[in-house]
Amino acid sequence: MKEIKIETEFIKLEQLMKFASMVQTGGEAKMLIAQELVLVNGEICTQRGKKIRPGDEVEFDGQMYRVI
């Protein structure tokens, strides 16, 4: 599991995906989220603007990321 440190109260899911280098562009993140390929705290998430806070876990492409 990879830990991603943020300095703010939350980060939007598509921004986190770019920040953590899961994707190269916001458009790519938008497409993958819409295709239901991203899980937040174990559940499929289709909201690209979902607020991700410290303690949340995001799973994509077989990798798990925890926001701290």
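Both backbone and side-chain heavy atoms feed into the values below; hydrogens, waters and symmetry mates do not.
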Using side-chain heavy atoms (C-beta onward) and a distance below 4.5 Å, is [X] in contact with [Y]?
X: Glu59; Y: Val38; answer: no
X: Arg66; Y: Lys2; answer: no
X: Arg48; Y: Leu13; answer: no

### Query
Can you hop from Ile4 to Phe10 via hydrophobic side chains spaced under 4.5 Å?
no

### Task
Check whether Val40 and Leu37 end up in the same hydrophobic cluster, where Ile, Leu, Val, Met, Phe, Trp and Tyr are linked by side-chain heavy atoms less than 4.5 Å apart.
yes

Which heavy atom of [X] sits nearest to which heavy atom of [Y], and what is that distance?
X: Arg53; Y: Lys51; answer: NH2-CD, 3.8 Å
X: Gly26; Y: Lys18; answer: N-CD, 3.2 Å
X: Pro54; Y: Ile6; answer: CD-CD1, 4.0 Å
X: Met17; Y: Ala29; answer: SD-CB, 4.1 Å
X: Ile44; Y: Leu39; answer: N-CG, 4.1 Å
X: Met22; Y: Phe60; answer: O-CE2, 3.8 Å

### Task
Count the heavy atoms of every other residue, nucleotide or ligand shown that sit under 6.0 Å from CD of Gln24, and state whether that count exceeds 12.
no

### Message
Could you check whether atom CZ of Phe19 has more than 12 heavy atoms from other residues, nucleotides or ligands sitting under 6.0 Å from it?
### Response
no

### Task
Check for a donor-acceptor pair, side chain of Asn41 on one end and backbone N or O of Glu57 on the other, with a separation under 3.5 Å.
yes

### Message
Quick check against the 3.5 Å criterion: does Gln15 have a side-chain atom that pairs as donor or acceptor with the backbone of Ile11?
### Response
no

### Query
Passes salt bridge (charged side-chain N to carboxylate O under 4.0 Å, His left out), Glu14 versus Lys30? Steps please.
CA-CA 7 Å; Glu14 68 178 339; Lys30 179 180 176 181; over 6 Å; no

### Summary
d(Cys45 SG, Ile52 CD1) to nearest 0.5 Å is 6.0 Å

### Task
Give, for atom CD1 of Ile68 and atom NZ of Lys5, the distance between the pair rounded to the nearest 0.5 Å.
5.5 Å

